[in-house]
Amino acid sequence: MKEVTSGDVLSLCKRRGYIYPAYEIYGGIAGLYDYGPLGTVLKENIVALWRRIYALQEGFVEIDGDNIGPEAVFKASGHVDSFADLSVTCKACGESYRADHLVQGLHPNPDSLSAAELQRLLRENDVRCPCNGELADVEEFNLMFKTRIGPGGGRIGYLRPETAQSIFVNYPNLYRYCREKLPFGCIQVGRGFRNEISPRQGVIRLREFNMMEAELFVDPEDKTWPRYEGIKGKQVRLVPNVTGEEVETTYGEAVEKGTIGNQTLAYFMWVTFDFLTSVGIDPVRLRFRQHLSTEMAHYAADCWDAEVLLSLGWTEVVGIADRGCWDLSRHMEHSKADLTAFKRYDEPQDVVRDAIRPKFGALGPRFKGAAGDIKKQLEGMDASAVHDGKVTVKVDGQDLELDGEYFEVVQVQEKETGVRVVPHVIEPSHGLDRILYACLEHAYGEKEDGYLTLGLKPLVAPIKVGVFPLMAKDGMEVVAQALDLALREEGIATYYDDSGSIGRRYARMDEAGTPWCVTVDYDTLEQGDVTIRDRDTAEQVRVSADDVVAFVKERLKRKLSP
RNA sequence: GCGGGCGUAGUGUAGCUGGUUAUCACUUGAGCUUGCCAAGCUCAUAACACGGGUUCAAAUCCCGUCGCCCGCACCA
């Protein structure tokens with residue numbers, strides 16, 4: 001077998017209709033690619049398996065949110081601020097730096113400065129490049145695509161940089177839909193957009209990309225997981241951030257030692273492993289690496305990347321992050337909506353507390369119309385609000401002190417049936433394009449003589465069966481066409497081909513990644529059996545033509561697990 | 001964004017010290033042939049990234065733009 005390069009794979013992709021550079025006749029645009037006929041189906045098949053796992057096996061619900069969102073959403077999510085890079089380039093040596101890094105020590109909080117402020121600070125202090133070259137102007141670059149919603153000025157909007165926000169902003173709807181119980185999960189398959197500075201490496205870094213994201217809302221105090229028992233003994237390859245060394249261990253051991261933060265995280269790492277290997281990623285070239293605290297995204301508390309070894313090096317394909325309460329808290333602050341979950345106690349608890357009770361007889365005559373509002377304020381307070389026998393309320397925007405004439409502190413007995421908590425979010429986020437590419441590269445096999453086979457897993461292969469008459473004559477083509485129709489009627493994608501030599505047709509299917517080829521020959525006309533050729537071994541078995549559908553279906557089956 | 005390399009049919013390439021109709025192979029299509037692994041024969045389709053300049057003449061030289069690859073920086 002020859003060493004594979006990404007160029008080989010992309011060349012095959014284009015030749016066979018998997019991936020095309022976008023807008024090619026106009027010269028192309030970096031970071032934009034189109035999926036061709038086979039690529040589209042491969043992508044759909046990968047998504048279908050993913051849905052099967054998350055929706056059917058794990059019980060997540062699915063939504064389909066908008067690609068465009070108003071500015072407020074991304075202010076709250078942190079993307080407007082955190083996705084902006086302020087950079088500055090040395091005029092002499094061409095080196096570029098993050099502007100805020102260069103003024104470290106000159107300002108208590110460089111991160112908070114605007115481009116103009118940074119510019120001034122750099123100039124005033126005559127900051128120079130380490131090579132002593134002069135620095136060019138500070139440039140601002142936000143990784144989000146900005147647009148305007150509506151005519152005229154309109155509202156500022158952005159193309160979403162991740163699909164996740166559509167789920168977070170729908171939290172109240174989803175919480176209700178899921179019968180107000182934790183944990184519950186929601187998935188979404190869709191596009192995200194990031195205006196990358198330099199998209200490279202084919203479909204690995206795109207400006208418009210496909211994501212499959214799952215957001216699991218859990219009780220912050222209970223990150224155990226029922227099906228964890230079934231997977232804790234399984235092997236896993238980890239690169240923890242404390243050592244940076246690759247270790248082979250089990251999920252159970254990693255959770256016990258605290259390497260992996262909790263059971264839920266561990267469980268979904270296993271789900272990720274199961275998914276990735278099922279779509280054809282080589283388990284030997286797959287590992288989980290924990291983010292260093294410095295590379296963690298602004299929203300993440302802990303993050304493990306599933307990394308796949310490609311010709312381009314170890315490449316992240318899935319990020320499994322514990323986002324904590326970051327997103328929901330931020331959206332609560334910005335939107336004022338209630339994004340909590342109500343945790344019911346097993347037994348209602350009797351709670352005794354000191355409450356403030358308004359004295360209506362005094363409040364009414366004195367404050368007239370404002371009395372109702374004062375009552376509300378007092379009832380919302382706790383006895384701890386009382387200082388020196390007085391409490392402060394607001395009347396017409398003015399602070400006003402009330403003494404014991406207007407209220408009393410009394411002990412009340414209340415029943416508490418539960419508490420409100422902001423759920424934590426565990427997020428397995430999948431880069432669909434990268435996964436698809438990894439499938440192709442791991443499936444790519446080239447012999448010394450240049451013979452290409454794409455060993456895609458049958459489950460994801462765009463074409464399942466090539467159907468050929470040995471030769472297009474003597475009625476063999478009629479039988480083959482009938483068999484082809486029978487397969488398609490059962491939902492099995494086929495490719496009928498009666499041109500040229502049989503070997504050439506096998507070769508064509510091998511390169512397209514088709515797992516089986518069925519050939520109708522002279523014996524078929526007499527005995528009714530056909531040959532089924534296996535792509536990976538080139539071996540043939542004779543099977544009755546009537547059993548071909550069952551043969552294929554049996555091999556496309558997949559059980560729910562674990 | 002900076003530095004270096006590069007851009008010729010669907011793919012991989014030759015030509016690039018300027019000069020007929022741009023080389024070769026594979027692929028693709030049609031036909032003959034073909035009794036199971038890219039067989040053979042005939043024919044056909046198909047390319048100088050884009051724009052400008054120099055010149056009698058540009059794939060070739062110059063400039064610009066776009067794109068690709070590598071390194072740096074940045075990032076998921």
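Numbered from 1 within each chain, the chains take letters A, B, ... in sequence-line order. Note that the coordinates shown come from a computational prediction; the quantities given were computed from them, not determined experimentally.
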U13(B) versus G71(B) - spacing of their C1' atoms, nearest Å:
27 Å
What's touching nucleotides 34-39 of chain B from the protein side, N or O pairs under 3.5 Å?
residue: C36(B); atom: O2; partner: Tyr506(A); partner atom: OH; Å: 2.4
residue: C36(B); atom: O2; partner: Gln540(A); partner atom: NE2; Å: 2.5
residue: C36(B); atom: N3; partner: Thr531(A); partner atom: OG1; Å: 3.3
residue: C36(B); atom: N4; partner: Asp521(A); partner atom: OD2; Å: 2.6
residue: C36(B); atom: N4; partner: Thr531(A); partner atom: OG1; Å: 3.2
residue: C37(B); atom: O2; partner: Arg533(A); partner atom: NH2; Å: 3.1
residue: C37(B); atom: N3; partner: Arg533(A); partner atom: NE; Å: 2.6
residue: C37(B); atom: N4; partner: Arg533(A); partner atom: NE; Å: 3.3
residue: C37(B); atom: N4; partner: Ala538(A); partner atom: O; Å: 2.7
residue: C37(B); atom: N4; partner: Gln540(A); partner atom: NE2; Å: 3.2
residue: A38(B); atom: N6; partner: Glu511(A); partner atom: OE1; Å: 3.2
residue: A39(B); atom: OP1; partner: Arg504(A); partner atom: NH2; Å: 2.7
residue: A39(B); atom: OP2; partner: Ser501(A); partner atom: OG; Å: 2.5

So, does Glu71(A) use its side chain to make a donor-acceptor pair with the main chain of Ile156(A) at under 3.5 Å?
no
Suppose we define a pair by two distances each less than 3.5 Å, Watson-Crick or G-U wobble; what does A73(B) pair with here?
none
Do His430(A) and Trp50(A) have their ring centres less than 6.0 Å from each other?
yes
Between G67(B) and A49(B), how far apart are the C1' atoms? Round to whole Å, please.
8 Å
Examine distances only and state if a side-chain atom of Arg434(A) and a backbone atom of Ile204(A) form a donor-acceptor pair shorter than 3.5 Å.
yes
Rounded to whole Å, please give me the gap between CD in Glu24(A) and P in G7(B).
17 Å
Grab the CD1-C1' distance between Ile204(A) and C69(B) for me, whole Å please.
15 Å
Just how far, in rounded Å, is P of C68(B) from OH of Tyr20(A)?
19 Å
Atom C1', compared across A46(B) and G52(B): separation rounded to whole Å:
28 Å
Are Phe468(A) and Tyr506(A) close enough that their ring centers fall under 6.0 Å?
yes
Measure the distance from NZ on Lys447(A) to P on C26(B) and round it to the nearest whole Å.
19 Å
Could you please name the partner base of A49(B), counting Watson-Crick and G-U wobble pairs only when both distances are under 3.5 Å?
U65(B)
Complement of G18(B), any strand, by Watson-Crick or G-U distances under 3.5 angstrom
none
For Gly202(A), which contact category applies under a 4.0 Å heavy-atom criterion: base, sugar-phosphate, or nothing?
sugar-phosphate
Determine whether the aromatic ring centres of residues Phe193(A) and Phe209(A) are separated by less than 6.0 angstrom.
no
C1' atoms of U54(B) and U28(B), separation to the nearest Å:
40 Å
Write down the distance separating the P atoms in U60(B) and U55(B), rounded off to the nearest Å.
16 Å
Should A44(B) form a Watson-Crick or G-U wobble pair with both distances under 3.5 Å, which nucleotide is its partner?
U28(B)
Are Arg289(A) and Trp314(A) in a cation-pi setup, meaning NZ or CZ lies under 6.0 angstrom from the ring centre and within 45 degrees of the ring axis?
no
Go ahead and name the base partner of A57(B); Watson-Crick or wobble counts if both distances stay under 3.5 Å, otherwise write none.
none
Using the C1' atom as the reference point in each nucleotide, state the distance between U65(B) and A73(B) in Å, no decimals.
24 Å
If you assign Ile29(A) and Lys14(A) each to the RNA chain B nucleotide with the nearest heavy atom, which residue ends up on the more 5' nucleotide?
Lys14(A)
First of Gly7(A) and Arg194(A) reached from the 5' end of RNA chain B, by closest nucleotide:
Gly7(A)
Can you tell me the base-pairing partner of A39(B)? Count Watson-Crick or G-U wobble geometry only, both distances below 3.5 Å, and say none if there is no partner.
none
Answer yes or no: does atom OH of Tyr451(A) have more than 12 heavy-atom neighbours from other residues, nucleotides or ligands under 6.0 Å?
yes
For Leu206(A), answer base if it contacts any base atom (sugar-phosphate contacts may also be present), sugar-phosphate if it contacts only those atoms, and nothing otherwise; contact means non-hydrogen atoms under 4.0 Å.
base
Can you see whether Phe551(A) has Arg555(A) sitting over its ring - NZ or CZ less than 6.0 Å from the centre and within 45° of the normal?
yes
Taking CD1 from Ile25(A) and C1' from C66(B), how many angstroms apart are they, rounded to a whole number?
15 Å
C1' gap between U8(B) and G4(B), integer Å
23 Å
Measuring only the C1' atom in each nucleotide, how far is C63(B) from A58(B)? A whole number of Å is fine.
14 Å
